[in-house]
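What follows is a set of notes on a single structure, which appears directly below.
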Amino acid sequence: MRLDIVTIFPEFFGVLDVSLLGRARAAGVIEVGVHDLRDHTHDRHRTVDDTPYGGGAGMVMKPEPWGEALDALLTPRSVLIVPSPAGHPFTQRQARELAVREHLVFACGRYEGIDQRVVDHYSERTEVRVLSIGDYVLNGGEVATMAMIEAIARLVPGVVGNPESLTEESHEDGLLEYPSYTKPASWRGLEVPPVLLSGNHGAVADWRREQQLARTRAIRPDLIEKP
Ligand SMILES: COc1cccc(COC(=O)c2cn[nH]c2)c1
């Protein structure tokens with residue numbers, strides 16, 4: 001898989017070399033390219049934004065630099081991902097779908113966003129996903145991009161040491177994860193649930209499933225699809 005990131009803060013992504021992704025890059029499983037949007041400006045001030053048509057506060061990112069930057073990266077087989085508070089929810093399902101694609105391009109917007117014509121133009125010629133990592137507003141798409149890259153990259157075969165650990169995770173089966181315990185069996189007067197020490201694997205599996213359902217009902221009823 002190849003990832004390309006377009007941002008006005010390329011230095012933000014230096015950390016990708018040391019994180020989980022570092023090993024994947026070293027193994028050649030994932031290639032990452034980071035690109036400075038300002039390299040695609042041609043005025044003395046390297047302008048990437050301007051005032052919004054129709055008035056209003058804030059600034060909007062100009063389409064021309066994005067067009068030049070994305071033309072240089074996108075192929076018909078790419079997926080263009082635009083993190084945005086106005087996007088479709090980024091979920092574990094999205095992460096699984098994107099983990100098997102060969103080329104992801106992340107467009108990190110800032111200010112009030114990117115001129116809509118950029119999404120409209122590229123939607124005509126490639127796959128575009130405007131995605132939200134949560135119902136809150138960040139100053140830019142960089143943090144959201146980092147979160148999505150981590151969620152996606154860890155699902156790419158060869159990135160995480162033990163693929164087993166990827167199957168029993170929150171949201172993998174649409175439910176929240178059961179509570180986990182390790183030694184010591186007693187800690188500050190708190191005991192590990194006895195079933196987990198019983199050696200009865202069937203009872204453990206039943207208990208864990210029940211815990212998943214109880215937790216999901218209590219914390220995220222929205223995840224339990226109505227029949
Ligand atoms: C592209 O337009 C904009 C505008 C404003 C901020 C951002 C950055 O993304 C987020 O704030 C975000 C992503 N998921 N949840 C919040 C992008």
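All heavy atoms count here, side chains included; hydrogens, waters and symmetry mates do not. Numbers here simply count residues along the sequence, with the first being 1. Order of listing sets the numbers, starting from 1, for every ligand and every atom in it.
Inspection of the Arg46 and His42 side chains reveals no N or O donor paired with an N or O acceptor under 3.5 Å. Between the side chains of Tyr122 and Asp71, a donor-acceptor pair is found at a separation under 3.5 Å.
Protein heavy atom closest to atom 16 (C) of ligand 1, with residue, atom name and distance, is Tyr136 O, 3.0 Å. Closest to atom 2 (O) of ligand 1, if we only count protein heavy atoms, is Gly113 CA, 3.3 Å. Nearest protein neighbour of atom 10 (C) of ligand 1, counting heavy atoms only, is Pro85 CD, 3.6 Å. Protein heavy atom at the shortest distance from atom 1 (C) of ligand 1 is Pro83 O, 3.4 Å. Given atom 5 (C) of ligand 1, the protein heavy atom at minimum distance is Tyr111 O, 3.6 Å.
Using a distance-only test at 3.5 Å, with no hydrogens or angles considered, no donor-acceptor pair links the side chain of Ser78 to the main chain of Leu80. Under the 3.5 Å distance criterion, the side-chain polar atoms of Thr7 are matched with a main-chain donor or acceptor of Phe9.
Neither the backbone nor the side chain of Phe90 has any atom closer than 4.0 Å to an atom of ligand 1 (non-hydrogen atoms only).
Looking at ligand 1, you'll find an N or O of Leu138 within less than 3.5 Å of one of its N or O atoms. In terms of N/O distances under 3.5 Å, ligand 1 is approached by Gly134. At least one N or O atom of Ile133 sits closer than 3.5 Å to an N or O atom of ligand 1.
The shortest side-chain heavy-atom distance between Arg110 and Asn139 falls under the 4.5 Å cut-off.
In the displayed structure, Asp135 atom CG is contacted under 6.0 Å by at most 12 heavy atoms of other residues, nucleotides or ligands.
Of all the heavy atoms in Val29 and Pro157, the pair that sits closest is CG1-O, 3.5 Å.
Ligand 1 places these atoms under 4.0 Å from at least one heavy atom of Gly141: 8 (C).
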